[in-house]
Amino acid sequence: MENIINNIPVTKCEKSKISDVDFNNLAFGSVFSDHMLVCDYKNGAWETPTIVPYQPITLDPSAKIFHYGQSIFEGMKAYKDTNEDVWLFRPMDNCKRLNISAKRLAIPELPEAYFMEGLKALLKLDSNWIPTNSGGSLYIRPFIFASGNGFHASPANAYKFIIATAPSGAYFSGKVKVAIEEKYSRSANGGVGYAKAGGNYAGQFYPTQLAIQKGYNQVIWTDDNTHEYIEEAGAMNIFVRINDTLMTAPTSDRILDGITRKSIIEIAEAEGINVEVKKISVNEVVEAAKNGSLKEMFGSGTAAVVSPIAAFGYKGTDYDLPELENSYASLLKKRITDIQYNRTDDPFGWRVKV
Ligand code: PLP
Ligand code: COI
């Protein structure tokens, strides 16, 4: 069945899979909604996007994505309020960041209208896939990869941009215990750490497996040069509260400019919290843990929202964080999700209606 939404041609699936999904027991990103947006880059230009049933894609074994990892992605969410209206959170920031990543990976930049109009059309079509239970949302995964062929180590001549969506619950279940990384690095100066390149995540898996074997859930990434400064927490930015000051590392070549991070900074400042964007040394955090001034650590990201850290390990010692009743993490999580789910005003102008 063919029709048009937001000028985008749509081929609808014959039968929805939605009745197979248990919306009360959703994991993160493991079931996928009925449709996806697909847009091809060929002969030097992005073609008109189309919406088609969610389905496998066929690629040549020589497609450059397989050999040279030319691939980037974004992570965002759609939220449904109690009136069944659908909202996005700062979606243009994701669109712009996708193109920042594209440039770094020598992928042709995508027209912003294809991203925004394509996404809105897809959400209109699959709006019944957006969970309405507490904490649920439709996780949105826009991505671009090199579909062009050849073993020559150079940028491909063809790419695919796809948006797939997955109704999702919480990213982490239970308490998060992290290991401060002393050997491996996620990124380096002059590298691709600031881009959402697929390979950045592949490179994290092995050190993260080692940490999991030792009883941790995630790795706290430190700077590649000295491993003396705390930079990110797994696939999240990191915040540390010492006494009543909330600190986070400045963005750089090595750190993703997280949309949740920059929103948390603005919300915290509006709440009157003292926020410092500065290099955070491991020593300062360990000292603060020892003398009791370390009150909180938490990660921030689209998937994980605000995830409190219960304990961290460093050089063979584990340090527990206190359980606070009125934590900054819970206040900031409430404030940001109230905006995202349209439960309060949005003084920052971040919410966008679909
Ligand atoms: N850092 C990394 C490495 C990430 O992959 C993510 C996830 O997107 C973040 C931080 C958080 O960014 P955002 O808040 O834009 O989701
Ligand atoms: C997100 O928070 O959206 C991310 O992209 C993290 C992801 C690796 C699950």
Side-chain angles (χ1 to χ4, degrees), residues 1-12 32-55 57 65 70-80 85-127 129-130 137-148 155-166 194-198 256-259 262-263 302 340 342 346 348-354:
M1 207 200 331
E2 284 262 2
N3 59 15
I4 306 267
I5 309 177
N6 291 13
N7 293 322
I8 310 235
V10 175
T11 307
K12 285 191 185 167
F32 305 96
S33 43
D34 284 331
H35 299 94
M36 62 185 190
L37 181 98
V38 181
C39 181
D40 280 300
Y41 178 93
K42 280 183 199 148
N43 304 318
W46 286 102
E47 298 181 341
T48 306
T50 58
I51 291 176
V52 295
Y54 184 89
Q55 61 192 284
I57 39 189
I65 171 62
Q70 220 189 347
S71 91
I72 54 172
F73 71 97
E74 269 303 319
M76 29 197 330
K77 284 175 172 173
Y79 310 88
K80 204 176 246 185
D85 285 330
V86 176
W87 301 92
L88 291 163
F89 184 71
R90 309 186 77 170
M92 271 309 290
D93 293 42
N94 293 94
C95 178
K96 290 195 183 328
R97 193 171 62 187
L98 184 73
N99 277 336
I100 290 171
S101 301
K103 193 169 177 192
R104 181 61 182 85
L105 274 287
I107 291 172
E109 289 175 40
L110 182 79
E112 287 178 356
Y114 286 8
F115 183 102
M116 289 305 301
E117 295 312 308
L119 174 57
K120 286 182 181 172
L122 182 65
L123 293 174
K124 282 181 187 160
L125 185 62
D126 279 346
S127 70
W129 284 84
I130 305 174
S137 59
L138 188 70
Y139 186 74
I140 301 165
R141 177 51 65 85
F143 58 106
I144 305 180
F145 63 90
S147 53
N157 61 1
Y159 297 85
K160 255 185 204 301
F161 168 57
I162 295 181
I163 306 181
T165 66
Y194 70 89
K196 274 184 85 78
L256 192 82
D257 186 4
I259 295 161
K262 64 185 182 188
S263 307
T302 299
Q340 289 167 333
N342 191 27
D346 172 18
F348 306 97
W350 290 333
R351 207 161 46 211
V352 173
K353 195 169 182 184
V354 174

Asks: To the nearest 0.5 Å, how far apart are CD1 in Ile100 and SG in Cys95?
Replies: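 Those atoms lie 10.0 Å apart.
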Asks: Taking salt bridge (Lys or Arg N to Asp or Glu O under 4.0 Å) as the definition, give me every residue that meets it alongside Asp346, ordered by chain and number, with sequence neighbours left out.
Replies: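 Applying salt bridge (Lys or Arg N to Asp or Glu O under 4.0 Å) to Asp346 gives none.
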Asks: Counting only N and O atoms by type, is there a donor-acceptor contact under 3.5 Å from the side chain of Thr165 to the main-chain atoms of Leu138?
Replies: no
Asks: Mark yes or no for whether Arg141, through its side chain, and Glu74, through its backbone, hold a donor-acceptor pair below 3.5 Å.
Replies: yes
Asks: Nearest 0.5 Å, please: how far is CG in Asp126 from NZ in Lys12?
Replies: 10.0 Å
Asks: For Tyr114, what residues pass the ring-ring contact (aromatic ring centres under 6.0 Å, His included) criterion, not counting sequence neighbours?
Replies: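 Once residues adjacent in sequence are excluded, Tyr114 has no partner under the ring-ring contact (aromatic ring centres under 6.0 Å, His included) criterion.
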Asks: Are Trp87 and Tyr79 an aromatic pair, judged by ring center distance below 6.0 Å?
Replies: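 Distance test on ring centres: not under 6.0 Å, no.
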Asks: Among all residues two or more places apart in sequence or in another chain, which pass the salt bridge (Lys or Arg N to Asp or Glu O under 4.0 Å) test with Lys262?
Replies: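 Lys262 satisfies salt bridge (Lys or Arg N to Asp or Glu O under 4.0 Å) with Asp93 once adjacent residues are dropped.
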Asks: Using the ring-ring contact (aromatic ring centres under 6.0 Å, His included) criterion, which residues pair with Phe143? Sequence neighbours excluded.
Replies: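 None.
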Asks: Determine whether a donor-acceptor pair (N or O, by modelled atom type, separation under 3.5 Å) exists between the side chain of Asp34 and the backbone of Pro53.
Replies: no
Asks: Using the salt bridge (charged side-chain N to carboxylate O under 4.0 Å, His left out) rule, collect all pairs that involve residues 98-124, keeping only residues at least two apart or in two chains.
Replies: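 As it turns out, the salt bridge (charged side-chain N to carboxylate O under 4.0 Å, His left out) pairs with a partner in residues 98-124, which skip direct neighbours, are Lys96-Glu112.
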Asks: Regarding Lys353 and Asp85, does a basic nitrogen lie under 4.0 Å from an acidic carboxylate oxygen?
Replies: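 The answer is yes: the pair qualifies as a salt bridge.
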Asks: Who pairs with Trp46 by ring-ring contact (aromatic ring centres under 6.0 Å, His included), at least two apart in sequence or on another chain?
Replies: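 With neighbours one apart ignored, the set is Tyr41.
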Asks: Picking from Ile8, Ile162, Thr50, what satisfies side-chain contact (heavy atoms from CB on, under 4.5 Å) with Leu37?
Replies: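 The passing option is Ile8.
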Asks: Would a distance-only check, ignoring hydrogens and angles, find a side-chain to backbone donor-acceptor pair under 3.5 Å from Asn94 to Gly75?
Replies: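 Checked: pair present.
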